[in-house]
> 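The structure is given below, and queries will be raised subsequently.
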Amino acid sequence: IGIEGGVSSVEDADAVGTILGFATSGTLPIDNGWALIGTVGHELSPNWRIEGELGYRSNETDTGGTIEVTEVSFMVNALFDIELSPSMDLSLGGGIGYDETTFDIGGAAEASDSGFAWQGIVGMGWAISPNTDLTFTYRYMNVSGPELSAGAGIATVEFDDLTKHSLTVGVRFNMAGGAE
């Protein structure tokens with residue numbers, strides 16, 4: 001069982017669509033935000049583990065913070081742990097799942113869409129007790145481009161795939177005993 005928190009970054013998002021009936025296109029610059037991620041998994045062998053992951057990310061745009069981008073993701077990950085020392089390991093892996101992206105436009109309108117997501121994961125774990133690891137994890141996530149619609153004909157926007165990066169610190173508890 002693990003819990004992590006840290007920085008969330010979404011690369012600038014290219015989009016096309018219509019706003020009030022007028023065709024538009026452009027790039028939406030998105031500021032760094034925060035991420036909170038929880039995991040529950042099972043060790044298959046000394047090196048392999050699988051886990052379910054629930055993530056929440058929040059970012060605002062470079063447009064004065066009037067657009068908030070929030071995301072909820074559900075992922076299934078497979079990780080390979082490489083022991084670097086008796087108290088330190090390197091984790092490499094990836095996952096597939098589902099991501100729901102919501103755009104809140106200054107509280108006046110909200111639009112969301114969900115789709116397929118995949119991610120690559122690199123992490124380090126340090127045993128701070130026999131059953132607890134301190135973790136540092138980087139995730140590269142790609143989400144199928146959301147298609148958003150706000151109100152009856154107010155706006156329809158199609159984004160390219162969203163690319164996200166998160167860097168987190170957390171703790172992982174090994175319920176079976178013994179550090180990984």
Side-chain angles (χ1 to χ4, degrees), residues 1-13 28 30-61 65 67-84 87-104 110 112-146 159 161-180:
I1 298 173
I3 185 82
E4 306 171 28
V7 177
S8 169
S9 173
V10 180
E11 292 183 9
D12 293 351
L28 181 64
I30 302 174
D31 289 335
N32 289 338
W34 57 273
L36 184 61
I37 298 169
T39 59
V40 176
H42 181 71
E43 186 178 74
L44 301 174
S45 74
N47 297 98
W48 284 100
R49 61 189 160 95
I50 59 169
E51 64 184 18
E53 172 187 304
L54 172 63
Y56 181 85
R57 294 166 179 83
S58 179
N59 299 77
E60 291 185 349
T61 65
I67 300 175
E68 183 180 11
V69 182
T70 58
E71 303 164 68
V72 176
S73 59
F74 303 94
M75 306 295 288
V76 175
N77 302 321
L79 295 126
F80 184 76
D81 295 324
I82 302 165
E83 184 178 312
L84 302 176
S87 63
M88 185 170 49
D89 64 344
L90 171 69
S91 299
L92 303 172
I96 58 171
Y98 164 90
D99 182 89
E100 182 171 3
T101 304
T102 302
F103 286 76
D104 182 341
E110 185 175 285
S112 63
D113 190 23
S114 57
F116 175 76
W118 62 269
Q119 66 182 352
I121 303 168
V122 176
M124 295 288 295
W126 285 270
I128 56 176
S129 80
N131 297 334
T132 307
D133 290 343
L134 175 66
T135 62
F136 295 92
T137 307
Y138 167 76
R139 287 176 176 81
Y140 172 95
M141 180 183 276
N142 181 279
V143 176
S144 295
F159 286 90
D161 286 0
L162 297 179
T163 300
K164 308 169 194 182
H165 307 270
S166 50
L167 187 58
T168 58
V169 62
V171 291
R172 182 173 57 225
F173 304 99
N174 185 346
M175 307 307 279
E180 291 180 17

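Quantities reported herein were computed from a predicted structural model and do not represent experimental measurements. In this chain, residues are counted from 1 in sequence order.
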> Walk me through it: do S114 and Y98 pass the test side chain to side chain contact (heavy atoms under 4.5 Å, CB included)?
CA-CA 7 Å; S114 57; Y98 164 90; 3.3 Å; yes
> Run the ring-ring contact (aromatic ring centres under 6.0 Å, His included) test against Y140 and tell me which residues pass, sequence neighbours left out.
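By the ring-ring contact (aromatic ring centres under 6.0 Å, His included) rule, Y140 matches W118, H165.
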> Side chains of D99 and T101 only: does a donor on one sit below 3.5 Å from an acceptor on the other?
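Side-chain D/A pair, D99 to T101: present.
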> Hey, does the side chain of D161 reach the backbone of G145 with a donor-acceptor pair shorter than 3.5 angstrom?
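Answer holds: yes.
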> Backbone N or O of E68 within a donor-acceptor pair of the D104 side chain at under 3.5 Å?
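No, D104 side chain to E68 backbone: no donor-acceptor pair under 3.5 Å.
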> Looking at every non-hydrogen atom in both residues, tell me the closest pair between D113 and P146 and how far apart they are.
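Result for this residue pair: OD2-CA, 3.4 Å.
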> For the residue pair T135 and V171, what are the closest heavy atoms and their distance?
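That would be OG1-N, 4.0 Å.
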> Hey, does N77 have a side-chain heavy atom less than 4.5 Å from the side chain of Q119?
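In short, these two side chains touch, coming nearer than 4.5 Å.
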> Would you mind reporting whether D89 and M124 have side-chain heavy atoms less than 4.5 Å apart?
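The answer is no, as the side chains (C-beta and beyond) never meet within the 4.5 Å cut-off.
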> Is there a side-chain contact between V69 and L162 (heavy atoms, below 4.5 Å)?
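A side-chain contact under 4.5 Å is absent here.
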> Please walk me through it: do M75 and M141 pass side chain to side chain contact (heavy atoms under 4.5 Å, CB included)?
CA-CA 10 Å; M75 306 295 288; M141 180 183 276; 4.0 Å; yes
> side-chain contact (heavy atoms from CB on, under 4.5 Å) with Y56: which residues, sequence neighbours excluded?
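For Y56 the side-chain contact (heavy atoms from CB on, under 4.5 Å) partners, ignoring immediate neighbours, are W34, S58, T70, V72.
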> Under a 4.5 Å cut-off applied to non-hydrogen side-chain atoms, are F103 and L28 in contact?
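Heavy-atom side-chain distance check passes, below 4.5 Å.
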> Mind checking side-chain contact (heavy atoms from CB on, under 4.5 Å) for L134 and listing every partner two or more places apart, or none if nothing turns up?
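Partners of L134 by the side-chain contact (heavy atoms from CB on, under 4.5 Å) criterion, ordered by chain and then number, come out as I128, F136, V169.
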> How far apart are the C-alpha atoms of V143 and T163, what are their side-chain angles, what is the distance that settles it, and do they pass the side chain to side chain contact (heavy atoms under 4.5 Å, CB included) test?
CA-CA 7 Å; V143 176; T163 300; over 6 Å; no
> My understanding is that only residues two or more places apart in sequence, or in another chain, count here; which of them pass side-chain contact (heavy atoms from CB on, under 4.5 Å) with V122?
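Testing V122 for side-chain contact (heavy atoms from CB on, under 4.5 Å), a comparison that skips the adjacent residues, returns L90, L92.
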> Is there a donor-acceptor contact under 3.5 Å linking the side chains of N47 and E83?
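Not at all, the side chains of N47 and E83 share no donor-acceptor pair under 3.5 Å.
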> Working to the nearest 0.5 angstrom, can you tell me the gap between F173 CZ and I1 CD1?
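Rounded to the nearest 0.5 Å, the CZ-CD1 separation comes out at 8.5 Å.
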> Would you check if N174 and D133 make a side-chain contact, meaning some heavy-atom pair closer than 4.5 Å?
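No, every pair of side-chain atoms sits at 4.5 Å or beyond.
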> I need the minimum non-hydrogen distance between I37 and G55, along with the two atoms involved.
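Looking at all heavy atoms of both residues, the shortest contact is CG1-CA, 4.1 Å.
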> Can you name the salt bridge (Lys or Arg N to Asp or Glu O under 4.0 Å) partners of R139, sequence neighbours left out?
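Testing R139 for salt bridge (Lys or Arg N to Asp or Glu O under 4.0 Å), a comparison that skips the adjacent residues, returns E4, E53.
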> So do the side chains of I121 and T137 get within less than 4.5 Å of each other, counting heavy atoms only?
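They are in side-chain contact.
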> Considering only heavy atoms from C-beta outward, does the side chain of L79 approach that of E51 to under 4.5 Å?
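Counting from C-beta outward, L79 and E51 do come under 4.5 Å.
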> Return the set of residues passing ring-ring contact (aromatic ring centres under 6.0 Å, His included) with F80 (not counting sequence neighbours), or none when no residue passes.
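W48.
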> Of the non-hydrogen atoms in S8 and N59, which two are nearest, and what is the gap between them?
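Looking at all heavy atoms of both residues, the closest pair is O-ND2, 2.9 Å.
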> Are any of the side-chain heavy atoms of I96 and F116 separated by less than 4.5 Å?
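I96 vs F116: side chains touch.
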